[in-house]
Amino acid sequence: MKGMSGNKVKKGILGFFMNAILIIFSLSCIFPIIWMLYSSLKEKRAFNADIIGLPKNPTPGNYIRILTNPDYHLGESMWNSVRTTTLSILLIVLFSFIVGYILARVKFKMNRVLYTMFLMGMLIPIHSLLVPIYVVFQRCKISNNWFTLILPYVSFGLPMGIFLVEGFVKSVPVSLEEAAAIDGSNFSRTLWMVIFPICRPILVTVAIIQVFSCWNEFSFALVLIKDVSLQTVPLALTQFKGQFASDYPKQMAAMLITMAPIIVLYFVFSKQIIKGMVSGAVKG
Amino acid sequence: MKKRQIISTAMAAAMAASLGLTAGAAADVAVNDLAYTGELEIMHYSTAEEAEGNGGSDGFRTTLAAWKEAHPEITVNENVLANAEYKTQIATLAAADDLPDVFLLQGMNTIDWAEQGLVYDLTDTIKASPYYDNYNQAYFTPFTYNDSIYGYPVLTGGTCTVVIYDKAMWAEAGYDTFPGTWEEVEKASEYFNEQGIYTIAFGNGGKWQANSDFLSTLGNRYTGGDWFISLIEKSGAAFTDEAFVKALTEMQRLFTETSIFNEDFNVVTNEDAREYYISGSAAAFIGGNWDESYIAATLGGTDEVEGTDPEKFANIGFAVLPQPADATEAPNSQNIGLGYAVAINSKVAEDPDKLAAAIDLAQELTGPAFSSFVAENYALGGLTMVDEVDLSSFDQITQDFYNWSYVDTEPCEIYDSYLTNAVWDVLNTDLQTMLNGEITPQEVAENAQAAYEANY
């Protein structure tokens, strides 16, 4: 009896510490958002005087200033980000699926060379390509357009997408396609009606990774876009940073406003996102 | 050219009103007849945010708006980015030989871009300018290469090194004015330490502050102005010269061997350090004109914002950096200047009408319209000197700071307006390490010299 209660105590203490660690970890993840939320209700001066403290006189002033000043063009930049990200993701998922499938299933002479070349795209630092890509875009007269950023986003998103899809497709039994062929399904039908639904988890993973990557991308947006009305969110947010001083509360208010679509997206698709992440992590 | 004066209109006023400014925001630009009709690109970093409380940026935006209003036949395409992003994008555009028609040239890029033929030589144009006689000639130095001038210095010339002190606190310590030597400051620090107050607050968390807000002036006290000019012109001076190493040695001594500064000076930024002064935790603060604006606006604010303190505001005093015991040069110097100039892409010269329009824009953005605006609304000065600045509408602190900046002190150069970032990146990093006591002044000087020889 004594031994059992001792075990219970041990388990209880262990459980307490385990929970405490997880709670601390969870708080450390969520605290930056909470901090941003209440800091955005402070005036600049109050924030500078006490960075962590709760606002003594909370005010929605920053939100009002951001939403009423046309110079900040946050709405426009959000639309640009949504459009660029959505189109980029559609293309990345589409091309990753097709190319990844072909590289996994179709045997041809340069298959591995091609695969390696795609993967090398992940190894090239983006900053080393800024000037050459700018020159190419300039000469081709495709810089500073609404579609400009989609091209590099798709190009640099593909290596990761192809890598994940190729690995996933390899784990799918070939017998499924053979069965489809026996049933009279042609290549396209098998690809889209049989393989595509099976690959959905990994494609969701690819989409999630790339949504964050495209939404947050800064370097290409900075270099390839000149027109203020074409700026994406990360670029528009830089305007709250001055040469010698920054208005952090206003910056935080702007970040929260621009985070809203992503948060909504997350809550709407949370189940699928978690499923996709887990599936991608296990099988990809 | 036919000239007529107009008073700029609703546009500028409305813009300023939308920014919530109390200043009477309008700029009188000279309207010259220009043959050019079409588009003119301009790239700058005076964002709406930057213009809030920053007189130079507000003046730039207001003057630009007035010029656009005065020339409806010209479509001005503005590309406005925050300063850090501006520097990245303009460097990329320069590397791709695709600079905008009109842009802001940073002093340290002048030589490289002039050698590459990217910027238009404005020497004759500047000399022919109707405002030439009123130009502060010293401001052209960072934009001059081989006797050619490549830009109209723009925005406002503000100090990068000012000691802001609380007169009442220093009076209690037995000083009627801020001490003129570091020896006296050290003595005063004994009193302030007993009170649990930092003698001087300083923040070098961003690494650039020790250079821009301290060394640039301290170095001048040891080397004199000619040494740095020689460094710019590559005519013999070196970072390893004895006088400069002495300046570094004194700097290290002040920060590591005395208890004058806040112990976290190498971690906190100027934005954090000035809060020590505002809250009364420090008796003085060293920073730039942008810090002065913030401190004055905070302490002297009229609305009920935390930190407003009319008594402390009235006690604000300004002083130059104290003189080290073994320094022999310019004890009254402070580094002041204009880090950027309005420059023109050399390709614009292919269209003489467009070039005339670009020159007209550059002249107005730096001319009397701009200078009058910033003088009247912010008590600041630009390239063009304004004959009579009526400061009577300003509070005493603003008047004092204007006189301290432009009348009572001797200007010296801001180091990082010149040379190249490659040198300053090395020096700034080493300075931070040196102020931690982990590297010697001699090593700092040698590393800076190596970077200078390799990159400049």
Of all of B:Asn77, B:Asp272, B:Leu93, which one pairs up most often with chain A through heavy atoms under 4.5 Å apart? B:Leu93
Max heavy-atom pair count under 4.5 Å with chain A, selected residue of B:Thr88, B:Thr92, B:Thr269, B:Thr47: B:Thr92
What verdict does the side-chain contact (heavy atoms from CB on, under 4.5 Å) test give for A:Gln231 and B:Leu81, after you've listed the backbone C-alpha separation in whole Å, the side-chain angles of each residue and the deciding distance to 0.1 Å? CA-CA 10 Å; A:Gln231 284 182 346; B:Leu81 292 166; 3.5 Å; yes
Pick one of side chain, backbone, both or neither for B:Glu41, based on which atoms fall under 4.5 Å of a heavy atom in chain A. side chain
Toward chain B, the part of A:Ile51 with a non-hydrogen atom under 4.5 Å: side chain
Counting C-beta onward and ignoring hydrogens, is there a side-chain heavy-atom pair between A:Val136 and A:Pro132 closer than 4.5 Å? no
Electrostatic pair B:Lys347:B:Asp97 at N-O distance under 4.0 angstrom: yes
Report the distance from atom CG of B:Leu64 to atom NE2 of B:His44, rounding to the nearest 0.5 Å. 5.5 Å
By a 4.5 Å heavy-atom criterion (distance strictly below it), what part of A:Tyr248 contacts chain B: side chain, backbone, both, or neither? side chain
Which atoms of B:Glu275 come close to chain A, meaning under 4.5 Å heavy atom to heavy atom: side chain ones, backbone ones, both, or neither? side chain
Taking the side chain as every heavy atom from C-beta outward, state whether A:Thr84 and A:Trp146 have any atom pair closer than 4.5 Å. no
In terms of relative ring orientation, are B:Tyr86 and B:Tyr340 parallel, tilted or perpendicular, with 30° and 60° separating the classes? perpendicular
Find the one option among A:Leu130, A:Asp227, A:Val131, A:Val135 whose heavy-atom pairs under 4.5 Å with chain B are most numerous. A:Val131
